[in-house]
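First comes the structure, then the notes that go with it.
Starting from 1, each residue takes its place in the sequence as its number.
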Amino acid sequence: MSGFNYYSIHDIIKIKTNVKVPIPDYFRRKNEFEPDIEYIQEDLDIDTSVENKARTRNFFYWREGQKLIIDYQAPFLNAKLLIDNLEGKTKIKFTDAFRKYVRLDIPIRSIIEIKLIQKKFALIHSGCLNYKGNCFLFTATRDTGKTSTILSLLDGKNFKFMSDDLTIISKDGIAFSYPEKVDISPYTLTGSIFPAYGNKIKGKLAKSHFITLFLGRFLNVELTEQRAIPKNLIENRGSIDKVFVLVGGNNKEGIEQIDNEEAVRKIFSSTIELINPSKEYLLNLYSYVCNFDLFDLLVKEREIISKAVKDAECFEVRSNKVKRFPEMIKEVIRNE
């Protein structure tokens, strides 16, 4: 494998890699630069004496300074991983065999989250729209209606897209776009300027909960369509003005203002369910061996979220009908 790709996420985090990574192409750059994270596949020619190695049931590992090295020592396979310096310029290096045959995920998204927190930013589980220069955050548990709400409001004029699932925020109250491809299902509301789900056959299959569950769980077949948001509809950043917490109705529909700390709890809970470095085995092992404090990062992440939204108006939007979310949000905006 040859050649490197470079990603600059709003010039906050810079990444160099030679493998496919779950980072929006929006951040890819042609120029080379000094990265914050190197995420590289290569043939690792690294070893140490048997006395220096610790052994688990499946592999050996050892520490060299701020480096953790894992070696499976499998016959005919060079299955090795190196994690170097999560405190500073981080290097993640792994062999092809480790990536293909070892049942351990190398958590690039959690590593990006670590670097962001260290720089006083956070990657949160929240969609975001830019409304006339200000930003609205939309947080919810999975499959509640964030994407439908955001695409229903999106008009390319007053409302510009920033993200539908993950958003970067700063302790200074600025939101930054993270425009991944959007997952569209037959049930997703797409508004007036974004095309609806187009595959009629898959659409009919997706209307059966059993078929959707069977295909996804046992055959790893997804019935959603992934679509990129056109760049002319994307805004890069803006000040956080409002937070909308979307929840199921439980026969009680409405929108009401809530305390900022309640919104912080919702954002934080939703985020650590999706992205949580302390849940990643390899990062926990690094923390254990190299004395790196993962849990302090979670404390700092919550502090960043709290400072980011302290001046925002926060609302709970409650309904069992997804189409009502954008309607109620528009009512709040009109009444200002």
So does [X] pair up with [Y], basic N to acidic O under 4.0 Å?
X	Y	result
Arg142	Glu273	yes
Arg324	Glu327	yes
Lys53	Asp47	yes

Check whether any side-chain heavy atom of [X] sits under 4.5 Å from a side-chain heavy atom of [Y], and report yes or no.
X	Y	value
Arg103	Asn58	no
Val322	Tyr187	no
Asp84	Glu38	no
Phe4	Ile40	yes
Ile229	Val182	yes
Ile169	Ile305	yes
Tyr7	Val21	yes
Leu104	Tyr72	yes

Whether [X] side chain and [Y] backbone form a donor-acceptor pair below 3.5 Å:
X	Y	value
Thr188	Ser185	yes
Thr144	Thr141	yes
Asn18	Gly3	no
Asn260	Val309	yes
Thr271	Ile124	no
Arg318	Gly248	yes
Asp259	Glu261	yes
Thr17	Asn5	no
Glu113	Leu123	yes

Assess Lys146 against Phe138: is NZ or CZ under 6.0 Å from the centre of the six-membered ring, and within 45 degrees of the ring's axis?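 So Lys146 doesn't make the cation-pi contact.
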List the steps, then state whether side chain to side chain donor-acceptor pair (under 3.5 Å) holds for Ser8 with Asp11. CA-CA 5 Å; Ser8 177; Asp11 292 326; 2.9 Å; yes
Can you tell me how far apart [atom1] ([X]) and [atom2] ([Y]) are? Round to the nearest 0.5 Å.
X	Y	atom1	atom2	answer
Arg227	Phe194	CZ	CZ	6.0 Å
Asp172	Lys307	CG	NZ	9.0 Å
Glu313	Lys242	CD	NZ	4.5 Å
Asp165	Ser126	CG	OG	9.0 Å
Asp164	Ile184	CG	CD1	8.0 Å
Asp155	Leu233	CG	CG	9.0 Å

Near [X] [atom1], under 6.0 Å, is it more than 12 heavy atoms from other residues, nucleotides or ligands?
X	atom1	answer
Asp143	CG	no
Tyr101	OH	no
Asp43	CG	no
Lys120	NZ	no
Asp296	CG	yes
Lys89	NZ	yes
Arg55	CZ	no
Lys91	NZ	no

When you group the ILVMFWY residues by side-chain heavy-atom contacts below 4.5 Å and let the links chain together, are [Y] and [X] in the same group?
X	Y	result
Leu151	Ile329	yes
Phe161	Ile240	no
Val317	Ile267	no
Val243	Val332	no
Ile272	Leu116	no

Could you list the cluster mates of Leu44? Members are the ILVMFWY residues connected by side-chain heavy atoms closer than 4.5 Å, either directly or through other members.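 The other cluster members (ILVMFWY side chains, heavy atoms under 4.5 Å, direct or chained) are Ile46, Trp62, Ile69, Leu82.
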Please report the shortest heavy-atom distance between [X] and [Y], naming the atom on each side.
X	Y	result
Thr167	Ala175	CG2-CB, 4.1 Å
Pro22	Arg109	O-NH2, 4.4 Å
Lys119	Asp36	NZ-OD1, 3.4 Å
Phe98	Lys80	CB-O, 3.5 Å
Asn85	Lys115	O-NZ, 4.4 Å
Cys135	Asn130	SG-ND2, 3.9 Å

Is the Tyr178-Tyr26 ring centre distance short of 6.0 angstrom?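 No.
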Centres of the Phe121 and Phe176 rings: under 6.0 Å?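 Yes, close enough.
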My understanding is that only one of Leu137, Ile150, Thr139 makes a side chain to side chain contact (heavy atoms under 4.5 Å, CB included) with Cys128; could you say which?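 That would be Leu137.
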With Ile114, which of Ile37, Thr90, Leu294 fulfils side chain to side chain contact (heavy atoms under 4.5 Å, CB included)?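 Among the candidates, only Leu294 passes.
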What verdict does the side chain to side chain donor-acceptor pair (under 3.5 Å) test give for Ser152 and Thr149, after you've listed the backbone C-alpha separation in whole Å, the side-chain angles of each residue and the deciding distance to 0.1 Å? CA-CA 5 Å; Ser152 293; Thr149 301; over 6 Å; no
How far apart are the C-alpha atoms of Glu235 and Ser177, what are their side-chain angles, what is the distance that settles it, and do they pass the side chain to side chain donor-acceptor pair (under 3.5 Å) test? CA-CA 7 Å; Glu235 190 69 44; Ser177 63; over 6 Å; no
With Arg334 via salt bridge (charged side-chain N to carboxylate O under 4.0 Å, His left out) - residues at least two apart: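 Checked Arg334 against salt bridge (charged side-chain N to carboxylate O under 4.0 Å, His left out); zero matches.
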Assess the residue pair Asn291 and Arg63 against the criterion (side chain to side chain contact (heavy atoms under 4.5 Å, CB included)); give the C-alpha distance rounded to whole Å, side-chain angles, the decisive distance to 0.1 Å, and a yes or no. CA-CA 11 Å; Asn291 300 318; Arg63 174 182 176 180; 3.6 Å; yes
What verdict does the side chain to side chain contact (heavy atoms under 4.5 Å, CB included) test give for Phe94 and Val19, after you've listed the backbone C-alpha separation in whole Å, the side-chain angles of each residue and the deciding distance to 0.1 Å? CA-CA 11 Å; Phe94 44 89; Val19 297; 4.0 Å; yes
